[in-house]
Amino acid sequence: MLPDKKRVILVVGPTAVGKTRFAIELAKNIGGEIISADSRYLYRGMDVGTAKPTPEELNTIPHYMINVADPDEVWSLAAYQNETVRLINEILDKGKFPIIVGGTGQYIRALTEGWQVPEMVPNTALRNVLMDWGYQIGAGELHRKLAVLDTIAADFIDASNIRRTIRALEVIFTTGKRFSELRVKDGPAYDYWIIGLIMPRKELFARADERVDVMLKGGLVSEVKGLLDRGYNPLLPSMSAIGYKEVVLYLEGKITLDEARQLIIKNTHQFIRRQANWFKPTDSRIHWYQMDPYPLEIALRDLADKELGNT
RNA sequence: GCCGAGAUAGCUCAGUUGGUAGAGCACACGACUGAAAAUUGUGGGGUCGCCAGUCCGAUCCUGGCUCUCGGCA
């Protein structure tokens, strides 16, 4: 099978479903290189708690967008998108298949739907001002201010979602344009083939729970302690990752280790549910595969059929 | 056996000066355009332990019973 002109493959699905292994095997079979679409793999030194691929796994197939930033660097959707589009072209130029793998639904969607993210770099000072304002008058009232300036944006941002409200106001105040107008969808720039991996939620939860214990035994606490010792602020976006924020609470003596474990499990379940909002079973663009029996062969066959134009 | 406390959603518990009930978690579903493993919205679910009494009306008051927990024997 030869690489198509603009074919890009994606492997999506909830955390702990088994994307990493599947993608590597897929890449080996079709001559692909892997671009991570996981907002937590970006950071160096955050390995155990993010279930990052092992160094051996990273060596078998070229991987990108992993370990590209220190934990105190702030990444974003737009930055991710820009960098990834560049990498896709690079891999295509080499005559290989780009395989985008990850569980960060927003990153995936932005790519597959061709989002034009508003050109407006976050303005921390402005955000802080808006945040203070929001706390004074209340999230609902701040949202009402937004409604005056941009009815459409106010419509798709929940009234109590102060963070989204602030971003919209930030963009409006800085650009003088409506946030809703800048929120453009260009449609897919490549011929995306989206593979969705899924398993019954109960099993998924069980796997995720097991993984939490593996992480704790595998040195999650000392990893977090190391990050704090190196001076990384627990309030950094990177440190808001599941597994990290809870262990920070434990290290600060606010909760016990067992409470931290329970919290991580709880937050992971909620995360899996939220991920399902981006990857829906009803989404006709996604080719869904149950993980049992292992779907590599079928997925390869479906892909081959697609290449031959039979689909 | 005696004394005390308790029995309310799947779990932990709050509550009703008597007018058939709530919160967190769990579970399910949704939003999202430069913080996204973030932030955020909605929903289903209860014969309020059992029986009797008082009352227009009992989950709440009274009596009995069953069970649980703690203390004493």
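Residue numbers begin at 1 in each chain, while the letters A, B, ... track the order of the sequences.
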Closest listed nucleotide, where the reference is the side chain of A:R127 and the choices are B:U39, B:G34, B:A26: B:G34
Contact check, side chains of A:Q81 and A:T84, non-hydrogen atoms, under 4.5 Å: no
Whole-angstrom distance between B:G4 and B:G19, as gauged at atom C1': 33 Å
Spacing of the C1' atoms in B:U20 and B:C55 (rounded, Å): 16 Å
For B:A23, the Watson-Crick or wobble partner whose two distances fall under 3.5 Å: B:U12
Touch class at under 4.0 angstrom, heavy-atom based, for A:F179 against every strand present: sugar-phosphate
Nucleotide B:C11, atom C1' - distance to NE2 of A:H269 in whole Å: 15 Å
Min side-chain heavy-atom separation A:D38-A:T50 under 4.5 Å: no
Separation of the C1' atoms in B:A52 and B:U66, to the nearest angstrom: 15 Å
Test side-chain contact (heavy atoms from CB on, under 4.5 Å) applied to A:M131 and A:T124, A:I166, A:L126, the passing residue: A:I166
A:Q81 CD - B:A36 P separation (whole Å): 14 Å
Beyond-backbone contact of A:Y244 with A:E223, side-chain heavy atoms, under 4.5 angstrom: yes
Flag if over 12 foreign heavy atoms under 6.0 Å of OH, A:Y294: yes
Counter-base of B:G53, judged by Watson-Crick or G-U geometry with both distances under 3.5 Å: B:C61
Among B:G34, B:A28, B:A36, the nucleotide that comes nearest once only the side chain of A:W278 is considered: B:A36
Given B:G34, B:U40, B:C29, the nucleotide with the shortest approach to the side chain of A:R201: B:C29
Spacing between A:E113 atom CD and B:C32 atom P, to the nearest angstrom: 10 Å
Separation of the C1' atoms in B:G46 and B:A5, to the nearest angstrom: 24 Å
Spacing between A:I157 atom CD1 and B:U40 atom C1', to the nearest angstrom: 11 Å
Ring geometry between A:Y107 and A:Y80 (parallel below 30°, tilted from 30 to 60°, perpendicular above 60°): parallel
Quiz item: A:N161 side-chain donor-acceptor pair to B:U39 base, under 3.5 Å: yes
Sugar-phosphate only, base, or nothing, as touched by A:G49 at under 4.0 Å among non-hydrogen atoms: base
Pairwise 5' ranking along RNA chain B for A:S76 and A:K266, keeping only the more 5' one: A:K266
For B:A35, the Watson-Crick or wobble counterpart (both distances under 3.5 Å): none
Phosphate-side-chain proximity, A:S160 and B:G41, N/O vs OP1/OP2 below 4.0 Å: yes
P-based separation of B:C3 from B:G43 [nearest Å]: 49 Å
Nearest to side-chain heavy atoms of A:N277, which nucleotide of B:A28, B:G30, B:U40: B:G30
Selection from B:A35, B:C32, B:C25 that lies nearest to any side-chain heavy atom of A:M131: B:A35
OP1 or OP2 of B:A36 under 4.0 Å from side-chain N/O of A:R40: yes
Contact under 4.0 Å: A:Q270 side-chain N or O vs B:A26 OP1/OP2: yes
Length of the line joining A:D209:CG and B:C25:C1', which is rounded to integer Å: 15 Å
Value in whole Å for how far the P atom of B:G30 lies from CD of A:Q275: 14 Å
Earlier contact from the 5' end, RNA chain B, for A:V171 and A:I242: A:V171
Nearest-Å distance for atom pair CG/C1', residues A:N267 and B:C25: 12 Å
Among B:C32, B:A35, B:G34, the one nearest A:R183 by side-chain distance: B:C32
Separation of the P atoms in B:A14 and B:G24, to the nearest angstrom: 16 Å
Donor-acceptor pair present, A:D158 side chain and B:G30 base, under 3.5 Å: yes
Distance in angstrom units between A:Y43 OH and B:A35 P, rounded: 10 Å
A:E170 side-chain N/O to A:N123 backbone N/O, donor-acceptor pair under 3.5 Å: yes
Phosphate OP1/OP2 of B:G34: any A:R167 side-chain N/O under 4.0 Å: yes
P atoms of B:A7 and B:C50, separation to the nearest Å: 13 Å
Under-4.0 Å side-chain N/O to phosphate OP1/OP2 contact, A:Y80 with B:G34: no
Any strand: nucleotide that pairs with B:C69 via Watson-Crick or wobble, under 3.5 Å: B:G4
B:A35 and B:U47, which share atom name P, separated by this distance in whole Å: 47 Å
Closest to side chain of A:K280, choosing from B:A28, B:A31, B:G34: B:A31
Heavy-atom side-chain contact between A:L227 and A:V248 under 4.5 Å: no
Sugar-phosphate, base or nothing in reach of A:T15, heavy atoms under 4.0 Å: nothing
